[in-house]
Number of protein chains: 2
Amino acid sequence: MRTTSADLDSDLGWALGVVFRAYVKASRSATADIPGGHRGFQVLTAAASTPPGNQRTIAQRLGIDRTVMTYLLDDMEKAGLLERQADPADRRTKLIVATDHGRSALDELCRRLNRLESHILAGLPGDDQAALKALLQRLAAGINKLDPIASTCDVIEDINAG
Amino acid sequence: MRTTSADLDSDLGWALGVVFRAYVKASRSATADIPGGHRGFQVLTAAASTPPGNQRTIAQRLGIDRTVMTYLLDDMEKAGLLERQADPADRRTKLIVATDHGRSALDELCRRLNRLESHILAGLPGDDQAALKALLQRLAAGINKLDPIASTCDVIEDINAG
DNA sequence: TATTGTTATACTCTATAACTATA
DNA sequence: TATAGTTATAGAGTATAACAATA
C-alpha cells in the first residue's frame with residue numbers, strides 16, 4: 001500500500017540537515033573570534049561588498065530576522081568589524097560597511113572557511129564536489145531571488161490544497 | 001591582497017543555509033499535524049523502518065539531542081504515532097516502532113513532502129534536480145557514517161592548527 | 001565504571017509587539 | 001499610510017547537570 005518510499009537516505013530534508021549541521025558545527029570554532037559565528041561571517045562578507053547594503057537588505061538575503069540583525073550588528077560594531085553609515089538617499093536606513101579591521105579579519109576567515117569547505121566535501125571526489133557546489137549555488141540564487149516569505153507561503157498553499 | 005573571494009554567492013555555507021531554510025519553512029505547514037514538524041517526520045520514518053532502532057541511535061542519526069528526543073517521543077507517543085518497546089537484548093534501551101496509525105500518517109506525509117521537494121528544486125532543470133539530490137545524499141551518508149561529534153571536532157583541530 | 005533514558009533547570013536563539021524617525 | 005530600525009518582552013528550541021536503572 002505504500003505509495004512513496006519512507007527511507008531516510010532518500011529524504012532530501014534529511015540529507016540537507018546532515019550536511020548543514022555538519023557545516024555549522026565545523027564552522028563554530030573557525031568563526032569563534034567574531035560575534036554571531038558563521039552568520040557573523042556572512043554579515044561581514046556582505047559588509048565588505050560594494051555597493052553597501054542596508055540592514056533590511058542584508059537580513060533578508062541571509063535569512064536573519066531584522067530584530068536579530070540589530071543585536072548582531074551591535075556586537076559586530078562594538079568589535080570594530082563594521083560601521084553603520086548614514087544613507088544620503090534615505091535617512092531611515094543605515095548602510096553597513098566593513099572597517100579595515102573587519103576586512104582583514106574577513107581575509108583570515110575566508111581562508112579558514114575555504115579549508116573547512118574542503119573537509120566537509122571530502123566525502124566526494126573532486127569533480128562531484130564542484131558539481132554539488134555549483135548546483136547548490138544555482139538553486140540558492142534562484143530561491144533567494146524570489147521574495148523569500150511570500151513565495152514559500154504560496155508553495156505551501158499549493159501543496160496542502162493539491 | 002585578498003587571497004580568497006569574499007562573495008556570498010560562492011560561499012557554501014550561504015547556499016546550504018538558503019536551501020535548508022527554504023525546506024524547513026516550506027515543510028512547516030506540511031508537517032503541522034504531527035509533533036516536531038519536519039523532525040517529527042524523520043523520527044516517524046525511522047520508527048517505521050526495520051529493524052527498529054533505540055532512542056540513542058535515532059537521535060544520533062537525526063542530529064537531535066537525547067534529552068530533546070525524550071520530549072519529542074513523549075509527544076509522538078501521546079499522539080499515537082509510535083510506541084516505546086522493551087528491547088529484549090538490553091533492558092536499558094527502548095526500541096521505537098511506529099503504530100499502524102503512525103504508518104498511515106507517514107504515507108500521507110511522504111506524499112506531501114515529495115510534492116514539496118519538487119517545489120523546492122523547481123529552480124533547476126530535471127536532470128540537475130536528480131544530480132543534486134544524489135550528490136547531497138551521498139555526501140550526507142558519508143558524513144553520517146562517521147561518529148558525528150568526534151569527526152567534526154577533529155576537523156576543526158586540523159583547520160585551526162593548519 | 002560506563003551507558004540509556006528521564007527530569008529539572010538554565011541558557012540561547014528567535015519571534016512578537018510597541019515605539020521612534022523618516023518617507 | 002508605509003517602511004527602517006530599535007527596544008523590551010515572551011516564546012521556542014536547545015543544552016547542562018543530576019538522577020535511576022541497567023550493563
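Protein chains get the first letters and strands the later ones, always in sequence-line order, with residue 1 at the start of each.
Residue Arg21(A) places no side-chain N or O under 4.0 Å from the OP1 or OP2 atom of dT14(D).
One can place CZ of Arg91(B) at 18 Å from P of dA20(D), the figure rounded to the nearest angstrom. The CG-P distance, from Asp74(A) to dA4(D), rounds to 18 Å in whole Å. Atoms CD (Gln55(B)) and C1' (dT22(D)) sit 15 Å apart, rounded to a whole Å. Rounded to an integer number of Å, the gap from CG of Leu95(A) to C1' of dG5(D) is 13 Å. Taking atom CG on Asp90(A) and atom C1' on dA2(D), their separation rounds to 12 Å, with Å as the unit. Note: CG (Asp65(A)) to P (dG5(D)) measures 13 Å, nearest angstrom. Atom-to-atom, CD1 of Ile96(A) to C1' of dT6(D) comes out at 13 Å; the value is rounded to the nearest Å. Whole-Å rounding puts the Ile64(B) CD1 to dG13(D) P distance at 12 Å.
Using modelled atom types, one finds no donor on one side chain facing an acceptor on the other under 3.5 Å when comparing Ser10(B) with Asp7(B). If you check the side chains of Asn54(A) and Thr57(A), you find a donor sitting under 3.5 Å from an acceptor. Side-chain contact of Gln60(A) with Arg66(A): a donor-acceptor pair under 3.5 Å is absent, judged by distance alone.
We find that Asp128(B) and Lys133(B) are not joined by a salt bridge, their nearest charged nitrogen and carboxylate oxygen being 4.0 Å or further apart.
Along DNA chain C, read 5' to 3', the first and last nucleotides having any atom under 4.0 Å from a heavy atom of chain A are dT14(C) to dA23(C).
Of the residues near DNA chain D, Arg92(A) and Leu73(A), the one whose nearest nucleotide (by heavy atom distance) lies more toward the 5' end is Arg92(A). Residues Pro88(A) and Met69(B) both approach DNA chain C. Their nearest nucleotides, taken by heavy-atom distance, put Met69(B) toward the 5′ side. Nearer the 5' end of DNA chain C, as judged by each residue's closest nucleotide, is the contact made by Thr67(B), out of Thr67(B) and Thr67(A).
Lys94(B) pairs in a side-chain contact (heavy atoms from CB on, under 4.5 Å) with only one of the listed residues (Gln85(B), Arg84(B), Arg56(B)), which is Arg84(B).
Geometrically, Arg61(A) engages Trp14(B) in a cation-pi contact, judged by NZ or CZ lying under 6.0 Å from the ring centre and within 45° of the ring axis.
Across all strands, Thr70(B) comes closer than 4.0 Å to base atoms (heavy-atom distances).
Side chain Arg66(A) to base dG5(D): a donor-acceptor pair is found below 3.5 Å.
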Handout entry: Derivation of the side chain to side chain contact (heavy atoms under 4.5 Å, CB included) call for Leu8(B) and Gln42(A)
Key = CA-CA 7 Å; Leu8(B) 269 182; Gln42(A) 291 178 355; 4.0 Å; yes

